[in-house]
Every structure is written in C-alpha cells, then in structure tokens.
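What follows is a single structure, written as structure tokens, with notes after it.
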2 protein chains.
Amino acid sequence: MRSIVAALGLRPASIYLKLKTLGIRAGANAGRDWLIEMLDSETKAVETPEDHAEELRLWLRLLTCTTLIEGEVRGRLRQRFDVTLPRFDLMAQLDKAPDGMTLSDVSKRMMVSNGNVTGLVERLVESGHLDRRTSETDRRVQVIRLTKLGRAEFRRMAAEHETWIADLFADLTPKDVRELMRLLAKTKASAQKSAARRKP
Amino acid sequence: MRSIVAALGLRPASIYLKLKTLGIRAGANAGRDWLIEMLDSETKAVETPEDHAEELRLWLRLLTCTTLIEGEVRGRLRQRFDVTLPRFDLMAQLDKAPDGMTLSDVSKRMMVSNGNVTGLVERLVESGHLDRRTSETDRRVQVIRLTKLGRAEFRRMAAEHETWIADLFADLTPKDVRELMRLLAKTKASAQKSAARRKP
DNA sequence: GCGAATTTCTTTAGGCTTCAAATAATTGGC
DNA sequence: GCCAATTATTTGAAGCCTAAAGAAATTCGC
C-alpha cells in the first residue's frame with residue numbers, strides 16, 4: 001500500500017508544519033480524526049526525529065558491563081596463567097567438541113573473522129595446545145582439537161575462571177540472573193533480526 | 001573467629017557425607033538446627049564445588065549480545081561512513097565535552113589503555129577531525145577537542161547511528177529497556193566491586 | 001627549595017582483529 | 001566430464017589493543 005505521505009506529495013518532515021498551518025489539529029475537523037491519526041502515526045514512523053536516547057543509553061551500559069568484565073577476566077588470565085582471552089575462548093570452544101571442529105565452525109562460534117582464527121590456531125599449535133590436521137574427506141577443511149596438554153591446561157584454567165565470573169556477578173540474586181538471561185535472549189533475537197534485515 | 005569446619009577437624013568436602021552418615025539432617029536432632037544451618041552455609045561458602053554454571057551462561061550471553069551488536073555497528077559505520085568504531089567512540093566522548101578532554105580522561109572514559117589513545121588521537125588529528133594542544137597550566141597534559149569538521153562529521157554519523165541502535169533493540173518493550181537498565185546497573189556495580197577486591 | 005614520588009603521556013614489542021584479495025578444493029548444472 | 005559457482009582457508013595491509021618501560025613535568029614532604 002502506497003504511503004499516505006507520498007500520496008499527498010508531502011515531504012514527511014513538513015507534515016506537522018502543514019497540519020499546524022492549516023489548523024487541522026485544533027479539533028475543527030470533526031470526522032477526520034482517522035486521517036489525523038494516520039498521518040500522526042505515519043509521521044512518527046517515517047520521519048519525526050524520534051527519541052532513541054533510552055536505547056542508546058542501554059547500549060552504552062551493556063557495552064560498559066561487557067568491557068569491564070572482559071578486562072577483568074583478561075587481566076586475571078594473564079596474571080594467573082599467562083594466557084590471552086582469545087586463546088582461552090578458542091580452547092573453551094574445543095573443550096566442548098571432543099571430536100574437533102573446523103576452522104569455520106570456530107570462526108562462527110566465536111563470531112570473529114576466518115583470518116583471525118587462522119593466526120590464533122597457528123600460535124596455539126605452536127605452543128602445543130592444539131592439534132591440527134587436514135580432513136580426509138574434504139581437503140579444504142582443517143580439523144583442530146585440543147591436545148592432552150591443551151585440555152589439561154584448559155580445565156585447570158576453566159575451573160578458576162568460573163569462580164571469577166561467579167565473583168563478578170556475586171551481587172546478583174538468582175532471580176536477577178534469570179531475568180537478565182531472559183532479557184538478553186530477547187535482545188539477542190532482536191539484534192539478529194535487525195542484522196538479518198540489513199544483509200538478507 | 002576460627003572456622004567450625006576447621007575446629008571439628010573435618011575437611012570441608014566431607015561434611016555433607018558425614019552429616020548424611022550420621023543421619024543428622026533427618027530431623028532427629030531438635031535444638032541443633034543452628035549447628036546444622038551453620039555447617040550448611042559454611043560448607044557452601046568454603047568448599048562445595050559450587051555450581052556457577054548459571055553465572056557463566058549469563059556472562060556468555062552478555063558477551064554474545066555485545067559482540068553481535070558491536071559487530072553490526074562496526075560494519076555499518078564502515079559501510080556508510082568509512083570510519084572505525086574506536087574513532088567514532090572517541091569522537092562521541094569529545095562531542096560531550098566542548099571544552100576538550102585530556103588524554104587520560106578519554107582513556108578512563110573509554111576504558112582503554114593510554115597508549116591506545118595516543119595512537120587513536122594521532123590518526124584523528126592527522127585526518128583533521130581533532131585538535132590537540134598542550135595545556136598551558138600543566139605541560140604534561142594534552143587537551144584534545146573536535147575540530148569543526150570533526151564535530152560536523154560526528155553529528156552526521158551519530159544521528160544515523162542512533163537509528164541503528166534503535167533498530168537493533170526494536171523488539172524490546174520500554175519496560176524491557178527499563179528493566180535491563182536496572183539489572184545492568186546492578187551488574188556493573190557488582191563487577192566493579194569485584195574488580196576492586198582484586199586490586200585495592 | 002630540594003629530592004622523591006606521582007602523574008601524564010609516549011614508545012615498544014607482541015598479539016589481536018578486520019577486510020579484501022588470493023588460493024585451493026569441492027559441488028552443481030549441463 | 002567440464003566449467004562456473006561455492007566453500008574453506010590463507011595472506012597481506014592497516015589498524016586496534018595491552019602491558020611494560022621510559023621520558024617529562026608536577027606535586028609532596030620536609
């Protein structure tokens with residue numbers, strides 16, 4: 001259905017002005033309320049410089065929380081185990097996959113670029129934490145998995161890591177945690193939908 | 001005060017077992033509830049390999065949300081304005097400070113290292129978005145502010161940026177947003193407290 | 001005022017990260 | 001079977017980021 005705004009040949013921004021000029025909103029037009037409402041809501045949807053300050057603040061707060069916690073975890077990993085967060089994250093993915101993963105899998109799971117994973121894996125193979133081999137059924141594919149050393153070290157780190165996280169969230173009640181889980185699930189879904197709208 | 005667990009000469013992990021063996025929890029010990037409770041809570045606090053899986057899941061979900069949104073914003077900034085997220089963030093800080101900020105201020109606000117800011121500022125001065133001068137009252141301090149160009153470009157980007165954020169959070173109701181704000185504030189406070197415990 | 005401690009900023013080395021282009025292997029259509 | 005499209009990974013250039021060490025200026029304690 002064609003837009004009323006377009007149908008009237010108006011530039012959306014000018015609508016409120018027009019209406020005001022014409023005195024339409026002053027209630028002198030009984031029976032046209034439907035039109036006014038329609039214009040009103042459409043104007044809102046199409047052009048009014050809407051106030052999204054709340055969402056913006058929410059985003060900044062979300063980012064702050066993550067940055068704060070991430071920095072803390074990064075620092076503790078370095079201090080206690082002399083390991084970086086990306087290395088830890090990669091090992092965490094592999095720990096959940098005893099049969100190994102392909103680089104692409106890892107890349108998707110970690111939400112980082114392919115090239116990034118290539119370098120990360122290179123260093124972890126170098127240090128003896130990862131084993132890497134070309135798939136026999138598809139020679140494009142590289143399958144990586146934790147070595148015995150890698151798994152042992154990861155388990156040791158993960159146990160302590162879990163207590164750090166618990167401590168960082170210590171002031172949240174179980175109810176808070178549940179509620180956050182729910183709202184963040186909703187947030188994630190919303191963001192994914194929005195991202196999909198951009199690149200279909 | 002010395003630990004009850006230690007006073008009884010028990011290894012904490014064995015407490016639940018002992019209690020079970022002795023049938024103490026079966027309610028056959030009227031008048032000793034205080035002891036049971038004390039042992040119970042102490043065991044919980046001291047040794048039980050506690051289940052922090054919920055907090056861990058929460059952290060991962062928080063991280064996922066942030067990564068998702070951040071990646072989306074980064075991509076759109078690059079696509080639409082050929083600008084990086086850190087540059088945009090730095091300009092956002094300066095836009096809120098017409099009188100300029102010192103590098104340290106920026107560093108604290110953005111929660112990144114000093115050295116990082118040095119490089120970031122260098123590139124933005126180079127491209128004409130920032131003005132940088134040594135403070136006259138303290139020659140250690142560098143004061144930076146947006147140039148006319150920088151401010152204009154930022155405002156243009158910020159306006160669009162705000163709509164992206166609104167779209168990313170579009171499925172959240174105003175109530176969801178308020179609730180998330182509240183819970184994330186609590187989360188931030190908790191994390192800050194925990195971080196302070198580590199480095200006092 | 002002097003010297004030590006502190007603050008502000010830069011530098012350096014190493015690693016992380018992205019994007020885009022290139023390489024190599026597989027798959028699908030015919 | 002052949003060739004185009006797709007998929008998996010690597011490479012290269014540029015930029016981001018940190019920790020740690022260092023340089024310059026200021027402040028503090030006396």
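The basis for the numbers below is simple: all heavy atoms, side chains too, and nothing from hydrogens, waters or symmetry mates. Please read all numbers here as calculations on a predicted model, not as lab measurements. Quick note on labels: first sequence line is chain A, next is B, and so on, each numbered from 1.
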### Query
Could you give the CG-to-C1' distance, from B:L103 to C:dT7, as a whole number of Å?
13 Å

#### Entry: B:F81 side chain near B:E160 side chain, heavy-atom distance below 4.5 Å
yes

### Query
CZ of A:R74 versus C1' of C:dG15: gap in Å, rounded?
11 Å

### Query
How long is the line joining CE of B:M91 and P of D:dC16, in whole Å?
11 Å

### Summary
Contacts of B:T84 and A:R78 projected onto DNA chain D by closest heavy atom; the upstream (5') one is B:T84

### Task
Whole angstrom is fine here: how far is it from CD in B:Q79 over to C1' in C:dA20?
14 Å

### Query
Do you know which of B:L184, B:L183, B:V177, B:L172 makes side-chain contact (heavy atoms from CB on, under 4.5 Å) with A:L183?
B:L183

### Task
Output the residues of residues 104-142 of chain B in contact with DNA chain C, where contact means a heavy atom of the residue under 4.0 Å from an atom of the strand; sort by number or write none.
B:S104, B:N114, B:G115, B:T118, B:R132, B:R140, B:V141, B:Q142

#### Entry: Length of the line joining B:L77:CG and C:dT18:C1', which is rounded to integer Å
14 Å

### Query
Honestly curious: do A:V83 and B:W59 fall in one hydrophobic cluster under the side-chain, below-4.5 Å linking rule?
yes

### Message
Less than 4.0 angstrom between a side-chain N/O of A:R87 and OP1 or OP2 of C:dC16, yes or no?
### Response
yes

## Note on the structure
To the nearest angstrom, the CG-P distance between B:D89 and D:dC16 comes to 11 Å

## Note on the structure
Besides B:V141, the hydrophobic cluster formed by Ile, Leu, Val, Met, Phe, Trp and Tyr side chains linked at under 4.5 Å, directly or via other members, contains B:V143

### Query
Can you check the B:F88 CZ to D:dC16 C1' distance for me, whole Å?
17 Å

#### Entry: Whole-Å gap separating P (C:dC16) and CD (A:E70)
13 Å

### Query
Quick one: ring pair (Phe, Tyr, Trp, His ring centres under 6.0 Å) partners of B:F88, sequence neighbours excluded?
B:F154, B:H161

### Query
Under 4.5 Å between any side-chain heavy atoms of A:M101 and A:R109, yes or no?
yes

